[in-house]
Amino acid sequence: MRTALDARTSSSYGNRERRGFHGELDVETALAAAQTAARLRDAMAAGEKISGPAARRALIGATSMPSFEGALTTPKAAAKFLGRDGLVLFDNPDAFLLCAFKRDTALCDPDPGATAPNQFACQLGCGNAIRTDSHAQAAREHADRLDARAALMPQPLGDRLRLTAGRFRALADAHDSGAQTAGEAIA
């Protein structure tokens, strides 16, 4: 039996337009961003500190996040939420940071119409980055794991791992020296 897809059906899945399957991806992206904002709000309420060039913007984004209650379940609502340039938060656990994504200041080279960062191209020094105490602690733990591996490696590779571990510790130390409470960051 042969199945034929008409142009409308097939183009909804594979084209570059922001409808069809892409709309569903927007919903998932918006839900993940809303969860990130809620986690940041909870962490700040629990006393965690925040640092980074976008700390104030991230707190405004987290506190201005509308209560979920199923409001982001349509592609149209998700696209509207993701269009809040500079106020939508994305978690990047591999870089030990949150991104308060704003296209104009992003160093990850997003597409011109992008509503989310290119998390695989996250760059140090980006104006969208923020860190919490939890991120700093995770960076230190990762540095410790790298040091443990470096002890088992030949010298050139071990030296590289120790250098990378030092960079993660420097990120954590920079957070500690510039971290602020939510009240201090907003003021």
Side-chain angles (χ1 to χ4, degrees), residues 16 18 22 25-68 71-72 75 77-143 164 166-187:
R16 293 182 172 267
R18 301 304 294 174
H22 295 287
L25 290 177
D26 283 348
V27 170
E28 293 300 319
T29 302
L31 290 173
Q35 290 172 347
T36 298
R39 280 195 307 272
L40 179 62
R41 230 182 5 251
D42 294 345
M44 298 307 292
E48 277 206 49
K49 294 183 178 181
I50 191 172
S51 68
R56 186 175 197 284
R57 201 165 16 104
L59 289 173
I60 292 169
T63 56
S64 69
M65 170 63 200
S67 60
F68 172 58
L72 297 175
K80 182 180 177 186
F81 173 75
L82 292 173
R84 301 176 332 139
D85 193 37
L87 296 177
V88 182
L89 302 177
F90 297 90
D91 190 13
N92 191 344
D94 294 331
F96 306 104
L97 58 79
L98 295 176
C99 177
F101 182 66
K102 187 172 186 177
R103 278 183 304 281
D104 296 343
T105 57
L107 296 180
C108 61
D109 197 27
D111 292 333
T115 56
N118 180 356
Q119 292 183 321
F120 299 111
C122 194
Q123 302 289 321
L124 284 177
C126 181
N128 295 337
I130 62 162
R131 285 190 174 78
T132 63
D133 293 338
S134 297
H135 290 111
Q137 180 61 35
R140 280 193 183 89
E141 290 168 2
H142 184 65
T164 302
R167 288 182 185 141
F168 282 115
R169 283 194 184 87
L171 287 174
D173 292 343
H175 165 78
D176 291 342
S177 67
Q180 301 174 319
T181 64
E184 294 168 337
I186 296 287

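Looking only at distances, a side-chain donor or acceptor of R56 sits under 3.5 Å from a matching main-chain atom of I186. R131 contributes no side-chain N or O that, together with a main-chain N or O of S51, makes up a donor-acceptor pair within less than 3.5 Å.
Partners of E184 under the side chain to side chain contact (heavy atoms under 4.5 Å, CB included) rule, at least two apart in sequence or in another chain, are Q180, T181. Applying the side chain to side chain contact (heavy atoms under 4.5 Å, CB included) criterion to A54, with sequence neighbours excluded, gives R57, A100, I130. For the side chain to side chain contact (heavy atoms under 4.5 Å, CB included) test, residues two or more places apart in sequence or in another chain that qualify with A121 are C108, N118.
In this structure the side chain of C99 never reaches within 4.5 angstrom of the side chain of Q119, judged on heavy atoms. I50 places none of its side-chain heavy atoms less than 4.5 Å from the side chain of L98.
Just one residue in the list R169, K49, R140 forms a salt bridge (charged side-chain N to carboxylate O under 4.0 Å, His left out) with D176, and that residue is R140.
Within the structure, side chain to side chain donor-acceptor pair (under 3.5 Å) contacts touching residues 86-99 (residues at least two apart or in different chains) do not occur. The ring-ring contact (aromatic ring centres under 6.0 Å, His included) analysis of residues 101-121, with sequence neighbours excluded, yields no pairs. Judged as a side chain to side chain donor-acceptor pair (under 3.5 Å), the pairs with a partner in residues 99-109 (not counting sequence neighbours) are, in order, T105-N128.
Residues C122 and L97 come closest through the heavy atom pair SG-CD2, 3.8 Å. Residues F90 and T29 approach most closely at CE2-CG2, 3.7 Å, considering heavy atoms. A172 and A139 get closest at one heavy-atom pair: CB-CB, 4.5 Å. When all heavy atoms are compared, the tightest approach of A179 to D133 is CB-OD1, 4.5 Å. Looking at every heavy atom in both residues, A37 comes nearest to L89 through CA-CD1, 3.9 Å.
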- [ ] Might you work through the side chain to side chain contact (heavy atoms under 4.5 Å, CB included) test for H175 and L171, ending with a clear yes or no?
- [x] CA-CA 6 Å; H175 165 78; L171 287 174; over 6 Å; no
TODO: Would you please test T115 and V88 for side chain to side chain contact (heavy atoms under 4.5 Å, CB included) and show each step?
DONE: CA-CA 9 Å; T115 56; V88 182; over 6 Å; no
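The structure places OG1 of T164 at 5.5 Å from CZ of R167, a figure rounded to the nearest 0.5 Å.
By the 30° and 60° cut-offs, the orientation of the rings of H142 relative to F96 is tilted.
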